[in-house]
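So the structure is just underneath, and the comments pick up after that.
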Amino acid sequence: MSDVTGESVSAEDRKLLTMARSARARIGAIEGAAVRDGDGRTYTGVSINLPSFSVSALRLAVASAVAAGASTLEAALVVTEASKVDGQDLAAVRDVTTGIPVYLATPDGSIAAAGTA
């Protein structure tokens with residue numbers, strides 16, 4: 001992941017930011033995420049921590065895409081206070097598609113870093 005400015009992020013990828021922030025805010029989750037599949041459909045996820053299981057926002061978004069029949073992903077974005085995207089989250093993205101942009105955004109909506117899965 002490297003530092004980027006908002007201008008280097010496409011309009012389609014900025015939509016992922018809006019969706020991830022909205023999903024996070026809706027339930028007050030620690031993290032929110034969104035992915036876009038190869039057909040342009042988007043899926044969101046939030047971090048879930050229950051006594052019986054936990055799942056990260058990005059893994060839930062990837063799982064939602066796969067459950068809906070997506071065979072490829074085009075981009076992913078995570079909104080979090082963490083300083084980097086978790087390695088297992090990146091692995092989940094790579095399980096579906098490699099080489100796509102993965103953005104890290106802060107809760108205020110700033111794109112903090114970008115990399116590839």
- Report the C-alpha separation of Val9 and Tyr103 in whole Å, then their side-chain angles, then the decisive distance to 0.1 Å, and conclude whether the side-chain contact (heavy atoms from CB on, under 4.5 Å) test is met. CA-CA 9 Å; Val9 179; Tyr103 300 99; 3.9 Å; yes
- Trace of the side-chain contact (heavy atoms from CB on, under 4.5 Å) decision for Val79 with Leu17: CA-CA 7 Å; Val79 175; Leu17 175 60; 3.9 Å; yes
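Between Thr80 and Glu31, the side chains place a donor N or O and an acceptor N or O closer than 3.5 Å (distance only, hydrogens not considered).
Under the 4.5 Å side-chain heavy-atom criterion for ILVMFWY residues, a single connected hydrophobic cluster contains both Phe53 and Ile27. Criterion: ILVMFWY side-chain heavy atoms under 4.5 Å apart, direct or through other members. Under it, Leu16 and Ile111 are part of a common hydrophobic cluster. Note: the hydrophobic cluster containing Val96 also contains Tyr43 (ILVMFWY, side chain heavy atoms under 4.5 Å, direct or indirect links). Linking Ile, Leu, Val, Met, Phe, Trp and Tyr whenever their side-chain heavy atoms come within less than 4.5 Å puts Ile100 and Leu104 in one cluster.
When the salt bridge (charged side-chain N to carboxylate O under 4.0 Å, His left out) test is applied to Asp95, no partner is found at least two apart in sequence or on another chain. Taking Thr98 as the reference, nothing meets the side chain to side chain donor-acceptor pair (under 3.5 Å) condition, with sequence neighbours excluded. Arg26 pairs by the salt bridge (charged side-chain N to carboxylate O under 4.0 Å, His left out) definition with nothing, not counting sequence neighbours.
A pairwise comparison of heavy atoms in Ser47 and Ala57 identifies N-CB, 3.6 Å as the closest pair. Closest of all the heavy-atom pairs between Ala61 and Val35 is O-CG2, 3.7 Å.
Applying the salt bridge (charged side-chain N to carboxylate O under 4.0 Å, His left out) test to residues at least two apart or on different chains, none of the pairs has a partner in residues 100-111. The salt bridge (charged side-chain N to carboxylate O under 4.0 Å, His left out) contacts involving residues 50-68 comprise Arg59-Asp86, Arg59-Asp89, where partners must be two or more places apart or lie in separate chains. The list of salt bridge (charged side-chain N to carboxylate O under 4.0 Å, His left out) pairs with a residue in residues 98-107, not counting sequence neighbours, is empty. Screening residues 38-56 for salt bridge (charged side-chain N to carboxylate O under 4.0 Å, His left out) gives Asp37-Arg41, Asp39-Arg41 as the qualifying pairs, with residues at least two apart or on separate chains.
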Would you give me the side-chain donor-acceptor pairs under 3.5 Å for residues 64-78, sequence neighbours excluded?
unit_1, atom_1, unit_2, atom_2, d
Ser64, OG, Leu60, O, 3.0
Glu74, OE1, Arg36, NE, 2.8

If you look only at distance, which donor and acceptor atoms sit under 3.5 Å apart when one is on a side chain in residues 18-25 and the other is two or more places apart or in another chain?
unit_1, atom_1, unit_2, atom_2, d
Arg21, NE, Pro107, O, 3.1
Arg21, NH2, Pro107, O, 3.2
Ser22, OG, Thr18, O, 2.9
Arg24, NE, Ala29, O, 3.4
Arg24, NE, Ile30, O, 3.1

